Each structure stands twice: as C-alpha cells, then as structure tokens.
Amino acid sequence: MDAIVISDLEVFAYHGVFPEENALGQKLLVSLRLEVDLRPAGERDDLSASVDYGAVCRLADGFLRAHVFKLIEAAAEGLASEILAQFPTVEAVEVQIKKPWAPIGLPLAYAGVEIRRERRR
C-alpha cells in the first residue's frame, strides 16, 4: 500500500500523568503514516484524489490540543481513530507520539509510543 508520511509535527499539549504536565504542558512530536492508494492522485495530479496532509496535520494538532490524556498511549489511540473516521480513503494509520521532555529524571532523546490501526470492515 502507498503511504503519506508526516514526520515530527510539533504540537504543544497538556498530556501526562503528573499534575505539572497538565498545568504547564509540553511539546510532543507526532509522526503519521497514512496507508492509502495514491495511484489516482499520481495519475491525475489531483489533490481531491489523495489525502490533504495539511488537513491531517491540522486535525492532529486540534485533536491533541482539545483533549487531555494521562497516557500518550490513549492520545495515540484517539488520534488514530479520529484520522480513520475523518479520512475514509485511509486504509490504515501508524501514529508515533514522542515526548522529548518526558519527566523521568534521566537524560534521553524522547520517550514515546507507536501504534498501527487498520480500518475495520
């Protein structure tokens, strides 16, 4: 299957188990892989035959700002469901959410989750 890839979209949101995460917020890096048949878009050079990745980015940003989750696992699950609901040509979606400033008290590049969800038939 073809794919549209969005890498490290920066979203400032308020997810986390600790009260300071919910109060202060933090940067999240969101990467998405949307599995979709891109042949019609490629053959016709027509955005309406594809998935508008700008719209997907705005949806991801809005969703993660509008909801508050304790776990980024739950944030990823909700975002995957929303993408599949809003973009009917997407057959599957991979969501990666990274927390570069995860409050664990040790140096790291990030802590994160990756999930893959397919459209249910």
Side-chain angles (χ1 to χ4, degrees):
M1 181 64 67
D2 305 323
I4 292 173
V5 178
I6 297 163
S7 181
D8 290 341
L9 172 69
E10 291 187 20
V11 177
F12 192 87
Y14 296 86
H15 308 293
V17 173
F18 300 110
E20 56 271 15
E21 292 178 289
N22 303 136
L24 301 173
Q26 63 190 298
K27 178 174 75 172
L28 303 175
L29 299 174
V30 179
S31 295
L32 305 167
R33 178 181 169 86
L34 312 172
E35 293 184 11
V36 60
D37 181 5
L38 298 176
R39 184 182 304 267
E43 290 175 345
R44 298 195 320 246
D45 196 19
D46 182 1
L47 178 58
S48 69
S50 187
V51 175
D52 180 347
Y53 52 79
V56 174
C57 288
R58 289 186 291 279
L59 178 136
D61 182 71
F63 180 85
L64 292 170
R65 289 176 186 265
H67 299 84
V68 175
F69 298 99
K70 291 178 186 167
L71 303 178
I72 55 174
E73 293 90 323
E77 191 71 42
L79 180 55
S81 293
E82 190 69 16
I83 289 169
L84 290 171
Q86 296 297 319
F87 297 93
T89 59
V90 174
E91 292 297 321
V93 61
E94 294 178 14
V95 177
Q96 179 188 63
I97 300 179
K98 298 186 275 191
K99 290 174 81 170
W101 301 319
I104 63 166
L106 295 167
L108 78 162
Y110 67 87
V113 299
E114 295 180 19
I115 66 168
R116 183 179 191 279
R117 297 296 177 261
E118 296 179 11
R119 183 169 300 288
R120 293 185 181 175
R121 299 277 174 204

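Here the structure is a predicted model, which means the values were calculated and not measured.
With a 4.5 Å cut-off on side-chain heavy atoms, Arg116 and Glu35 count as touching. Residues Ser81 and Arg117 are not in side-chain contact: their nearest non-hydrogen atoms beyond the backbone lie 4.5 Å or more apart. With a 4.5 Å cut-off on side-chain heavy atoms, Glu10 and Leu29 count as touching. Side-chain contact check for Leu59 versus Phe87: some heavy-atom pair is nearer than 4.5 Å. In this structure, the side chains of Leu28 and Lys99 come closer than 4.5 Å at one or more pairs of heavy atoms.
The CZ atom of Phe18 lies 13.5 Å from the CG atom of Leu24; values are rounded to the nearest 0.5 Å. A distance of 7.0 Å separates CD of Glu82 from NE2 of His67, quoted to the nearest 0.5 Å. How far CD1 of Ile4 is from CG of Asp52: 8.5 Å, rounded to the nearest 0.5 Å. Taken from CD in Glu94 to CD1 in Ile115, the straight-line distance is 10.0 Å, to the nearest 0.5 Å. Atom CD of Gln96 and atom OG of Ser7 lie 7.5 Å apart (nearest 0.5 Å).
Smallest separation of non-hydrogen atoms from Gln26 and Trp101: OE1-O, 3.8 Å. Of all the heavy atoms in Phe69 and Ala74, the pair that sits closest is CD2-CB, 3.6 Å. The shortest non-hydrogen separation linking Ala111 to Ala102 is CB-CB, 3.9 Å. In plain terms, the two heavy atoms of Lys98 and Pro100 that are nearest each other are O-CD, 3.4 Å.
Tyr110 and Leu64 fall into different hydrophobic clusters, defined by Ile, Leu, Val, Met, Phe, Trp and Tyr side-chain heavy atoms under 4.5 Å apart, directly or through other members. A continuous path of hydrophobic side-chain contacts links Val95 to Ile6 [ILVMFWY only; heavy atoms under 4.5 Å]. When the side chains of ILVMFWY residues are joined at heavy-atom separations under 4.5 Å, either directly or via intervening members, Leu9 and Ile72 end up in a single hydrophobic cluster. Hydrophobic clustering, with ILVMFWY side chains joined whenever heavy atoms are under 4.5 angstrom apart, groups Ile83 together with Tyr53.
More than 12 heavy atoms of other residues, nucleotides or ligands lie within 6.0 Å of CG in Asp46, so this atom counts as buried by the packing criterion.
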Side chain to side chain contact (heavy atoms under 4.5 Å, CB included) between Asp61 and Val30, worked out: CA-CA 9 Å; Asp61 182 71; Val30 179; over 6 Å; no
Pair Ser50-Leu38, side chain to side chain contact (heavy atoms under 4.5 Å, CB included): steps then yes or no: CA-CA 6 Å; Ser50 187; Leu38 298 176; 3.6 Å; yes
Derivation of the side chain to side chain contact (heavy atoms under 4.5 Å, CB included) call for Val113 and Leu71: CA-CA 10 Å; Val113 299; Leu71 303 178; over 6 Å; no
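Evaluated for a side-chain contact (heavy atoms from CB on, under 4.5 Å) with Val56, the options Leu34, Val93, Val90 yield exactly one hit, Leu34.
With Asn22 contributing its side chain and Gly16 its backbone, the two residues share a donor-acceptor pair below 3.5 Å. At distances below 3.5 Å, at least one donor-acceptor pair connects side-chain atoms of Glu21 with backbone N or O atoms of Val17.
Salt bridge annotation for Arg33-Glu114: absent, with no cationic side-chain nitrogen under 4.0 angstrom from a carboxylate oxygen.
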